[in-house]
Protein chains: 2
Amino acid sequence: MNKHTKQREAILRFLRGTYSHPTADQIYDEVRKEIPNISKGTVYRNLKVLQEMGLISELNLNGTVSRFEVKQESHYHFRCEKCGRVLDIGEPVDKELDRRVALRTGLKIHHHQLEFQGLCHDCQHE
Amino acid sequence: MNKHTKQREAILRFLRGTYSHPTADQIYDEVRKEIPNISKGTVYRNLKVLQEMGLISELNLNGTVSRFEVKQESHYHFRCEKCGRVLDIGEPVDKELDRRVALRTGLKIHHHQLEFQGLCHDCQHE
DNA sequence: GTAGTATTAGGATTCATTACTAATAAACAA
DNA sequence: TTGTTTATTAGTAATGAATCCTAATACTAC
């Protein structure tokens with residue numbers, strides 16, 4: 001059974017209050033303001049536990065370290081090639097695409113992930 | 001200027017002869033059959049150089065180590081959740097999607113990557 | 001051939017992530 | 001409240017992919 005600890009709670013609370021898709025390190029830095037002696041291992045372990053609980057999900061975008069967000073409906077992401085910022089994209093997920101490719105290839109397709117790349121609003125104007 | 005070395009040539013030749021999307025380690029193991037004392041650093045460096053030359057491209061699929069393939073037109077990939085196998089998918093890349101999302105969001109979209117996940121032919125039947 | 005320079009092998013280093021362990025703190029029952 | 005059980009923690013060691021470093025080597029052009 002899972003126990004309720006202030007470390008786990010602080011990590012989840014931080015994720016629920018941000019849209020920034022932080023890395024484990026960024027979460028560590030943030031939560032340390034509240035619990036100064038929390039260890040990085042604790043952050044990693046709790047990120048794993050929270051995933052298993054279905055409360056958050058891990059994001060592995062092209063060649064970058066893992067990022068985390070609160071669990072949402074399936075959606076696409078955008079990553080700025082200049083500043084690295086990650087944004088959620090509202091475009092609806094194309095489930096039909098999975099069916100079409102499955103039919104054409106004979107593969108069993110469970111889902112797909114899509115990542116847009118380009119320049120965010122800030123990085124376009126400079 | 002780039003020099004022509006048997007190490008670089010062997011790496012490129014192997015990639016040109018496979019559809020397996022190998023990792024750096026797999027490339028290392030393979031090329032070592034031909035050049036037993038090649039070092040892993042040499043493999044990594046040449047993979048980088050070959051990318052800069054535009055001959056190969058790096059593949060970073062969800063939370064796995066880098067894989068490599070000969071440069072092709074933009075296309076989608078499939079990764080088997082059971083055996084890890086990676087396949088190219090013939091489905092045409094939807095450039096219109098980039099335009100639509102750019103228009104809707106104001107982001108500058110250069111391209112997108114898409115990865116299907118599921119079970120390959122072999123892993124469906126067991 | 002000689003000179004100039006990119007490349008190599010091999011080992012050291014980095015960095016994200018995981019594993020390990022003794023100490024601690026939830027949870028729960030007596 | 002106290003004791004017991006067990007998940008969790010802090011801190012540190014270990015792993016593994018990828019990069020960096022350096023003296024020795026091998027391309028390439030002249």
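Below, chains carry the letters A, B, ... as their sequence lines are ordered, and counting in each starts from 1.
The listed nucleotides are dT17(C), dA9(C), dG11(D); the one nearest the side chain of K40(A) is dT17(C). You'll find that the side chain of S66(A) is closest to dT17(C), out of dT7(C), dT17(C), dA10(D). Checked against dT18(C), dA9(C), dG11(D), the side chain of Y44(A) finds its nearest nucleotide in dT18(C).
A straight line from CE of M1(B) to C1' of dC27(D) spans 14 Å, rounded to a whole angstrom. Taking atom CZ on R8(B) and atom P on dA26(D), their separation rounds to 16 Å, with Å as the unit. Note: CZ (R32(B)) to P (dG10(C)) measures 11 Å, nearest angstrom. Atom C1' of nucleotide dA26(D) and atom CD of E9(B) are separated by 15 Å, given to the nearest angstrom. Regarding E58(B), its CD atom lies at a distance of 14 Å from the P atom of dA17(D), rounded to whole Å. Nucleotide dA17(D) holds its C1' atom 12 Å from the CG atom of N60(B), rounded to whole Å. Q51(A) places its CD atom 13 Å from the C1' atom of dT17(C), with the value rounded to the nearest Å. Atom CG of L61(B) and atom C1' of dA17(D) are 16 Å apart (whole Å).
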Please encode protein proximity along nucleotides 19-30 of chain C as a string of B, S and -, counting only heavy-atom distances under 4.0 Å. ------BBS---
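The minimum heavy-atom distance between R67(A) and H21(A), with the atom names listed, is NH1-O, 2.7 Å. Contact record, C80(B) with C120(B): SG-N, 3.4 Å, taken as the closest heavy-atom pair. Closest non-hydrogen pair, Q51(B) versus F68(B), comes out as NE2-CE2, 3.8 Å. Considering all non-hydrogen atoms of both residues, Q7(A) and I35(A) come closest at CA-CD1, 3.8 Å.
Between K6(B) and E9(B) there is no salt bridge, since none of the side-chain N atoms of the basic residue sits less than 4.0 Å from a carboxylate O of the acidic one.
Non-hydrogen atoms lying under 4.0 Å from DNA chain C are contributed by nothing in residues 15-28 of chain B.
The hydrophobic clustering, which links ILVMFWY residues whose side-chain heavy atoms are closer than 4.5 Å, places Y28(A) and I11(A) together.
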Steps toward side-chain hydrogen bond (donor to acceptor under 3.5 Å, both in side chains) verdict (Q113(B), E115(B)): CA-CA 7 Å; Q113(B) 284 125 316; E115(B) 172 187 351; over 6 Å; no
Check step by step if side chain to side chain contact (heavy atoms under 4.5 Å, CB included) holds for V43(A) and V31(A). CA-CA 9 Å; V43(A) 172; V31(A) 173; 5.5 Å; no
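The aromatic rings of F116(A) and Y76(A) sit perpendicular, their planes meeting at an angle over 60°, well past the 30° parallel limit.
For dT9(D), the OP1/OP2 oxygens have no side-chain nitrogen or oxygen of S39(A) closer than 4.0 Å.
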